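Residue numbering restarts at 1 for every chain, and letters A, B, ... go by the order of the sequence lines. A quick note: this is a predicted structure, and the numbers were derived from the prediction, not measured.
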There are 2 protein chains.
Amino acid sequence: MNDGSPPTGLPQTVTVQLGTLGALVADRFAKQIEAYGLKPKHVALLIALSHGVAASQQELAGKLAVVPSLVVALADRLEQCGAITRVRDPTDRRRQVLALTGEGARLLARCETAARAIDDELLAALSAPERAALRHALRVLAEQADPKTSLH
Amino acid sequence: MNDGSPPTGLPQTVTVQLGTLGALVADRFAKQIEAYGLKPKHVALLIALSHGVAASQQELAGKLAVVPSLVVALADRLEQCGAITRVRDPTDRRRQVLALTGEGARLLARCETAARAIDDELLAALSAPERAALRHALRVLAEQADPKTSLH
DNA sequence: TATTGTTATACTCTATAACTATA
DNA sequence: TATAGTTATAGAGTATAACAATA
């Protein structure tokens with residue numbers, strides 16, 4: 001264009017910048033964790049299990065804001081690589097109760113290492129107080145968004 | 001788990017928080033702009049056109065970090081709704097030169113309004129200085145990431 | 001009859017590969 | 001022969017819908 005009309009301010013919005021940076025770091029993170037045979041959604045499931053206690057697949061589908069049939073596929077993979085256990089609830093044999101294993105916790109720790117490396121690279125351009133301010137703001141926004149939190 | 005092992009620090013990393021929030025705002029933004037018949041990638045193409053001058057589809061594929069065949073589909077849609085023009089370069093008739101129209105600029109303005117509304121809602125939980133600090137940090141990170149910037 | 005998990009299927013987004021036309 | 005764009009096809013990721021087991 002460049003015909004004198006005001007340039008769009010869209011790229012300066014937090015919405016677009018968060019969307020762009022989010023996609024960027026998500027791609028980097030996905031690249032790193034594929035060495036462990038995991039996708040971001042697998043990690044989201046592991047995180048959910050590491051927080052609360054063991055949970056049914058329906059409960060997890062709610063927490064991850066995905067459909068139950070997707071939890072089946074994610075859990076299949078995680079069970080296959082030994083990251084979770086999957087046992088029928090004796091009191092209600094319809095329910096599959098998932099729980100993190102030691103191997104799952106180790107995988108999660110490796111993912112955390114990968115994430116921290118991406119953090120360090122990304123935040124290198126900021127001063128220490130700028131980094132602290134960003135972390136604070138993200139923490140506030142993340143917990144306000146939390147009800148349905150997932151990785152894309 | 002909750003067996004005494006340390007809980008994962010993954011959700012506190014900037015990587016995971018940016019990824020999560022980015023997906024959240026991207027979804028909200030996508031929801032808003034579908035009223036205009038646009039997807040985030042369409043907006044990304046319009047933004048690219050509003051910045052530089054008219055550009056060939058190959059150049060745009062480079063800027064958006066997508067494959068040329070995707071630019072075809074995006075441009076088809078944008079041309080169809082009158083947001084861009086698409087003319088053969090007379091000096092090299094292989095090239096299609098895309099340019100933003102007045103209607104495209106108007107669409108972009110509506111998208112900006114939608115993004116600012118999401119910004120306002122999201123940032124309501126932060127104080128004015130916290131908002132300023134976040135905007136500053138995101139601006140720095142966004143421009144450092146910029147080479148291949150897109151919306152997911 | 002309602003609910004949990006599963007399977008089968010379809011849809012969206014995007015990439016790869018083959019093709020056309022210009023150069 | 002090489003390049004811009006296009007078309008056809010395929011793959012990843014996820015949802016919807018039908019189904020089986022259990023309540």
From B:Arg95, B:Arg94, B:Arg88, residue fulfilling salt bridge (Lys or Arg N to Asp or Glu O under 4.0 Å) relative to B:Asp92: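 Result for salt bridge (Lys or Arg N to Asp or Glu O under 4.0 Å) with B:Asp92: B:Arg94.
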Would you mind reading off the distance between [X] atom [atom1] and [N] atom [atom2], rounded to a whole angstrom?
X	N	atom1	atom2	result
B:Asp89	C:dA23	CG	P	9 Å
A:Arg86	C:dT4	CZ	P	16 Å
A:Leu64	D:dA15	CG	C1'	15 Å
B:Leu45	C:dC13	CG	P	16 Å
A:Asp27	C:dC13	CG	P	17 Å
B:Arg94	C:dC19	CZ	C1'	15 Å
B:Leu70	C:dT16	CG	C1'	13 Å
B:Leu98	D:dA4	CG	P	14 Å

Audit row: A:Leu18, B:Leu122, side-chain contact (heavy atoms from CB on, under 4.5 Å) steps and yes/no: CA-CA 11 Å; A:Leu18 269 182; B:Leu122 193 72; 3.7 Å; yes
Phosphate-side-chain proximity, [X] and [N], N/O vs OP1/OP2 below 4.0 Å:
X	N	result
A:Arg93	D:dT22	yes
B:Arg77	C:dC13	no
B:Lys39	C:dC13	yes
B:Lys41	C:dC13	no

Main-chain N/O of B:Val71 paired to B:Gln57 side chain as donor or acceptor, under 3.5 Å: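 Not a single qualifying donor-acceptor pair exists.
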Touch class at under 4.0 angstrom, heavy-atom based, for B:Gln58 against every strand present: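 Since a base atom lies under 4.0 Å of B:Gln58, the category is base.
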Heavy atoms of other groups near B:Arg110 CZ, more than 12 under 6.0 Å: yes
Closest non-hydrogen atom pair, B:Gly104 against B:Leu46: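 Minimum heavy-atom separation between B:Gly104 and B:Leu46: O-CD1, 4.5 Å.
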Donor/acceptor link under 3.5 angstrom from B:Ser69 side chain onto base of C:dT16: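 Looking at the base of C:dT16, it does pair with a donor or acceptor on the side chain of B:Ser69 (distance under 3.5 Å).
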5' priority, DNA chain D, between B:Arg88 and A:Asp92 [closest heavy atom]: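 Counting from the 5' end, the first nearest nucleotide belongs to B:Arg88.
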Earlier contact from the 5' end, DNA chain D, for A:Thr91 and B:Pro68: B:Pro68
